[in-house]
Student: 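The following block contains the structure, expressed as structure tokens.
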Amino acid sequence: MQIKRIATDTRRSRAVVYNNMVFVGGQTADDRSQDIRGQTRQTLAKIEKFLAEAGTDKSRLLTAQIWIKDLERDFAGMNEVWDAWTAPGAAPTRATAQCDLAAKDILVEIIVTAAVE
């Protein structure tokens with residue numbers, strides 16, 4: 001089976017398609033001056049772009065990992081955006097954890113895996 005790598009550089013691929021699945025690596029917001037809602041929206045938009053490039057969409061999500069810098073402060077705001085974004089009746093399995101992220105202004109990072117038709 002062929003492996004398709006999307007947006008690859010020397011360190012990582014943003015997404016990898018293999019065996020009718022796409023693995024989207026950790027995505028974060030480009031505009032880190034935004035609050036948790038703004039950063040979550042931007043992050044999910046990037047994920048949608050990579051899903052589309054892989055030939056699938058958010059209705060085919062299988063699992064998600066969400067890392068938040070401050071759960072107490074930002075969990076509800078992230079969930080508000082997440083709940084509005086997910087396809088009705090197609091919520092993936094999900095884990096959410098508090099994490100010291102790569103840069104101090106990153107509030108959320110999301111990884112997803114989805115089925116590809």
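From a predicted model like this one, the values you see are computed outputs, not experimental measurements.
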Student: Same cluster for Leu101 and Ile36 if Ile/Leu/Val/Met/Phe/Trp/Tyr side chains link at under 4.5 Å?
Tutor: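 Unlinked, Leu101 and Ile36 end up in two clusters.
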Student: Below 4.5 Å, heavy atoms only, C-beta onward: do Trp85 and Thr40 meet side chain to side chain?
Tutor: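 No, side chains not in contact.
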Student: With respect to Trp67, which candidate in Ile110, Thr96, Ile111 satisfies the side-chain contact (heavy atoms from CB on, under 4.5 Å) definition?
Tutor: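 Of the listed options, the one satisfying the test is Ile111.
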Student: If two hydrophobic side chains count as joined below 4.5 Å and joins carry through other members, does Val16 share a cluster with Val112?
Tutor: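 No, it is not one cluster - the side chains of Val16 and Val112 are not joined through contacts under 4.5 Å.
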Student: Could you tell me if the side chain of Ile68 sits less than 4.5 Å from the side chain of Phe75, heavy atoms only?
Tutor: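 Phe75 vs Ile68: side chains touch.
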Student: Is there a path of hydrophobic side-chain contacts, each under 4.5 Å between heavy atoms of I, L, V, M, F, W or Y residues, that connects Ile106 with Trp82?
Tutor: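 Looking at the clustering, Trp82 is in a separate group from Ile106.
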Student: Other than Met21, what residues sit in its cluster of Ile, Leu, Val, Met, Phe, Trp and Tyr side chains whose heavy atoms are under 4.5 Å apart, directly or through others?
Tutor: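 Reading the cluster by chain and number, Met21 sits alongside Phe23, Leu62.
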Student: Show the nearest heavy-atom pair for residues Val22 and Ala54, with the distance to one decimal.
Tutor: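 Looking at all heavy atoms of both residues, the shortest contact is CG2-CB, 3.6 Å.
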Student: Quick one: pull up OG1 in Thr43 and CG in Asp30 and give me the separation to the nearest 0.5 Å.
Tutor: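 Thr43 atom OG1 to Asp30 atom CG measures 8.0 Å (nearest 0.5 Å).
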Student: Hey, does the side chain of Thr63 reach the backbone of Thr113 with a donor-acceptor pair shorter than 3.5 angstrom?
Tutor: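 Not confirmed, Thr63 side chain does not pair with Thr113 backbone.
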Student: Can you get from Ile66 to Leu51 by hopping between Ile, Leu, Val, Met, Phe, Trp and Tyr side chains that sit under 4.5 Å apart?
Tutor: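 Hydrophobic grouping puts Ile66 with Leu51.
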Student: Given the rule that I, L, V, M, F, W and Y join up when any side-chain heavy atoms are under 4.5 Å apart, are Met78 and Leu71 in one cluster?
Tutor: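 Looking at the clustering, Leu71 is in the same group as Met78.
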Student: In this structure, are over 12 heavy atoms from other groups packed under 6.0 Å from Arg5 atom CZ?
Tutor: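 No, because the 6.0 Å sphere around CZ of Arg5 holds 12 heavy atoms or fewer from other groups.
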Student: Give a yes or no on whether Asn19 atom CG has more than 12 heavy-atom contacts from other residues, nucleotides or ligands under 6.0 Å away.
Tutor: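 Result for CG/Asn19: enclosed.
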Student: Looking at every non-hydrogen atom in both residues, tell me the closest pair between Arg32 and Ala103 and how far apart they are.
Tutor: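 Closest approach of Arg32 to Ala103, heavy atoms only: NH1-CB, 3.7 Å.
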Student: State which residue, out of Gln42, Gln39, Lys69, fulfils the side-chain contact (heavy atoms from CB on, under 4.5 Å) condition with Val108.
Tutor: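 One option only clears the test, and that one is Gln39.
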Student: Quick one: pull up CZ in Arg41 and CD in Gln34 and give me the separation to the nearest 0.5 Å.
Tutor: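 Interatomic distance, Arg41 CZ to Gln34 CD, rounded to 0.5 Å: 8.5 Å.
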Student: So, taking the atom named CD1 in Ile47 and the one named CG in Asp57, what distance separates them when rounded to the nearest 0.5 Å?
Tutor: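 Answer for the CD1-CG pair, Ile47 versus Asp57, is 13.5 Å.
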Student: Keeping Lys58 on the side-chain end and Glu48 on the backbone end, is there a donor-acceptor pair under 3.5 Å?
Tutor: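 Side chain of Lys58 to backbone of Glu48, a donor-acceptor pair under 3.5 Å: no, none is there.
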Student: State, yes or no, whether a side-chain contact exists between Leu107 and Arg73 at a heavy-atom distance under 4.5 Å.
Tutor: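 Heavy-atom side-chain distance check passes, below 4.5 Å.
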Student: Any non-hydrogen side-chain atom of Glu117 less than 4.5 Å from a side-chain atom of Arg60?
Tutor: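 Result yes, sub-4.5 Å side-chain heavy-atom pair found.
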